[in-house]
Student: 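Before anything else, here's the structure in question.
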Amino acid sequence: MKIATFNINGVKARIETVSTWLSDSKPDVALLQEIKSVDENFPRQHFEDMGYTVETHGQKGFNGVAILSKLPLEDVTRGLPGDDSDEQARWIEATVIGERPIRICGLYLPNGNPAPGPKYDYKLAWMERLKARAEALLEMEEPALMAGDYNVIPQDEDAARPDAWRTDALALPQSREAFRRVLNLGFTEAFRARNMAPGHYSFWDYQAGAWDRNDGIRIDHFLLTPQCADLMQDCWIEGEMRGREKPSDHVPVWLDLAA
DNA sequence: ATGACCAGTAACACTGGA
């Protein structure tokens with residue numbers, strides 16, 4: 001089973017790009033972030049016609065996550081637990097019913113800039129809630145994963161110019177520590193389990209010719225429970241997508257599971 | 001700061017992104 005995570009930067013603006021990608025690359029499950037659409041306006045029928053089951057958790061204007069799946073989905077839940085006052089649409093979960101059921105969480109972690117400030121406080125608080133959900137997933141002792149746009153550059157080798165990000169919310173020591181605290185509960189960071197080399201990125205800014213200069217960062221990640229990591233066959237980044245027509249500023253990251 | 005953006009909402013500028 002091939003699962004991809006992709007921050008599409010607006011479903012309306014990306015409908016053509018995403019549809020071509022689905023037809024060409026054929027993910028069994030696609031976790032989408034930044035759909036920037038309310039559920040009523042999401043082009044559900046369009047993706048259903050392509051053979052996908054569609055579950056969305058959107059809001060007006062910003063954020064928003066979705067799951068497209070060729071396999072049946074069960075027990076869909078929306079919103080990251082831990083703060084009933086949080087109105088931002090950044091988390092969706094479902095169980096994918098394949099050879100072996102897998103709990104899949106799609107996430108869009110807050111950017112947090114400028115730091116310090118209320119937006120950074122929100123990011124760190126959100127990561128605390130993520131850690132709590134991650135602990136609960138581990139306790140199930142079943143194949144499960146959390147994937148999406150983490151808005152965290154885990155290490156210096158995940159940026160072309162690490163010094164340019166030194167004071168940014170994506171790379172501040174507190175952000176990296178919060179990410180590591182989740183990882184160190186016992187998750188496998190899928191891409192790094194397969195490839196230790198520097199120079200692999202999942203985001204290139206639209207500005208200043210970042211793509212042409214390969215001035216990128218790696219911020220889209222797959223975190224796997226041990227039972228899920230046992231099933232991993234491969235993990236890779238589809239960087240080529242950034243050079244296509246009307247690209248998102250992110251590219252898809254892929255996970256292949258023996259399930 | 002090696003360089004000049006993009007999407008959505010709302011109306012001819014702003015917010016948010018990273």
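What you are looking at is a predicted structure, and each value in this text was computed from that prediction instead of being measured.
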Student: Which nucleotide wins on minimum distance to the side chain of A:A13, given the candidates B:dA7, B:dA10, B:dG16?
Tutor: B:dA7
Student: With a 4.0 Å cut-off on heavy atoms, is A:N151 in touch with a base, just the backbone sugar-phosphate, or nothing at all?
Tutor: sugar-phosphate
Student: Could you check how far CG of A:D215 sits from P of B:dA4, rounded to whole Å?
Tutor: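 Checked: the CG to P distance equals 13 Å.
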Student: A:W165 has a side chain; which of B:dA10, B:dA18, B:dC6 sits nearest to it?
Tutor: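 So the nucleotide nearest the side chain must be B:dA18.
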Student: Does a nitrogen or oxygen in the side chain of A:R90 sit under 4.0 Å from OP1 or OP2 of B:dG17?
Tutor: yes
Student: Base, sugar-phosphate, or nothing for A:R14, non-hydrogen atoms under 4.0 angstrom?
Tutor: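 It contacts sugar-phosphate atoms only.
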Student: Suppose you measure atom P in B:dA4 against the same atom in B:dG8; what distance do you get, rounded to whole Å?
Tutor: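 To the nearest whole Å, 24 Å.
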Student: Which nucleotide sits closest to the side chain of A:K60: B:dG16, B:dT9, B:dT2?
Tutor: B:dT9
Student: Using atom CD1 of A:I35 as one end and atom C1' of B:dG8 as the other, report the distance to the nearest whole Å.
Tutor: 13 Å
Student: Quick one, A:L130 and A:W91 - any side-chain contact, counting heavy atoms below 4.5 Å?
Tutor: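 Yes, at least one pair of side-chain atoms sits under 4.5 Å.
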Student: Check this one for me: any side-chain N or O of A:K36 less than 4.0 Å away from OP1 or OP2 of B:dG17?
Tutor: no
Student: Using the P atom as the point on both nucleotides, what is the distance between B:dA18 and B:dA7, in whole Å?
Tutor: 13 Å
Student: To the nearest Å, give me how far apart OH (A:Y201) and C1' (B:dA18) are.
Tutor: 15 Å
Student: With A:R90 as the cation and A:Y108 as the aromatic partner, state whether NZ or CZ is under 6.0 Å from the six-membered ring centre and within 45° of the axis.
Tutor: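 Judged by the rule, A:R90 and A:Y108 form a cation-pi pair.
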Student: Can you confirm whether A:N184 is buried at CG, in the sense that more than 12 heavy atoms of other residues, nucleotides or ligands lie under 6.0 Å from that atom?
Tutor: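 Yes, the 6.0 Å shell around CG holds more than 12 heavy atoms from other groups.
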Student: Nearest whole angstrom, please: distance from the C1' of B:dA7 to the CD of A:E34.
Tutor: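 Taking atom C1' of B:dA7 as the reference, CD of A:E34 is at 9 Å.
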Student: For B:dA11 versus B:dC6, give the span between their P atoms, rounded off to a whole number of Å.
Tutor: 24 Å
Student: OP1 or OP2 of B:dC6 versus the side-chain N and O atoms of A:K246: is any pair under 4.0 Å?
Tutor: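 False: A:K246 side-chain N/O out of range (4.0 Å or more) of B:dC6 OP1/OP2.
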Student: Reckon A:Y150 touches a base, only the sugar-phosphate, or nothing at all at heavy-atom distances under 4.0 Å?
Tutor: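 Here A:Y150 touches no strand at all.
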Student: Check the distance between B:dG16's C1' and A:Q207's CD and give it to me in whole angstrom.
Tutor: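 Spelled out: CD on A:Q207 to C1' on B:dG16 is 12 Å.
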Student: Using only side-chain N and O atoms of A:N9, determine if any of them is under 4.0 Å from OP1 or OP2 of B:dG8.
Tutor: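 For B:dG8, OP1/OP2 do not have a side-chain N/O of A:N9 under 4.0 Å.
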Student: Assign each of A:G10 and A:R213 to its nearest nucleotide of DNA chain B by heavy atoms, then name whichever residue's nucleotide is nearer the 5' end.
Tutor: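 Comparing both residues, the 5'-ward one is A:R213.
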Student: Check whether the ring centres of A:F179 and A:Y150 lie less than 6.0 Å apart, and answer yes or no.
Tutor: yes
Student: Between A:H250 and B:dG17, is there a side-chain N or O to OP1/OP2 distance below 4.0 Å?
Tutor: no
Student: How is A:D212 classified with respect to the nucleic acid when contacts are heavy atoms under 4.0 Å: base, sugar-phosphate, or nothing?
Tutor: nothing
Student: Assess whether atom CD of A:E240 is packed by more than 12 heavy atoms of other residues, nucleotides or ligands within 6.0 Å.
Tutor: yes
Student: Closest heavy-atom contact between A:V96 and A:S69?
Tutor: CG1-OG, 4.3 Å
Student: NA contact type, A:N7, heavy-atom cut-off 4.0 Å: base, sugar-phosphate, or nothing?
Tutor: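 Sugar-phosphate, backbone atoms only, no base.
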Student: Rounded to whole angstrom units, what separation is found between the CG atom of A:L170 and the P atom of B:dG17?
Tutor: 11 Å
Student: Please report, rounded to the nearest Å, how far the C1' atom of B:dT2 is from the CZ atom of A:R161.
Tutor: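 Answer to the nearest Å: 8 Å.
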Student: Nearest whole angstrom, please: distance from the P of B:dA18 to the CZ of A:R242.
Tutor: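 Result: 13 Å.
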Student: For the ring pair A:F42 and A:F47, is the centre-to-centre distance below 6.0 Å?
Tutor: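 Under 6.0 Å, so yes.
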Student: Can you work out whether A:G61 or A:L109 has the more 5'-proximal nearest nucleotide on DNA chain B?
Tutor: A:G61
Student: Heavy atoms from C-beta onward define the side chain here; which of B:dG8, B:dG17, B:dG16 lies closest to that of A:F62?
Tutor: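 Nearest to the side-chain atoms of A:F62, counting from C-beta on, is B:dG16.
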Student: For B:dA18, does the base pair up with any side-chain atom of A:N111 as donor and acceptor (N or O, under 3.5 Å, distance only)?
Tutor: yes
Student: Please report the distance separating the C1' of B:dA10 from the corresponding atom of B:dT15, rounded so that it comes out in whole Å.
Tutor: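 Per the computed distance, 11 Å lies between those C1' atoms.
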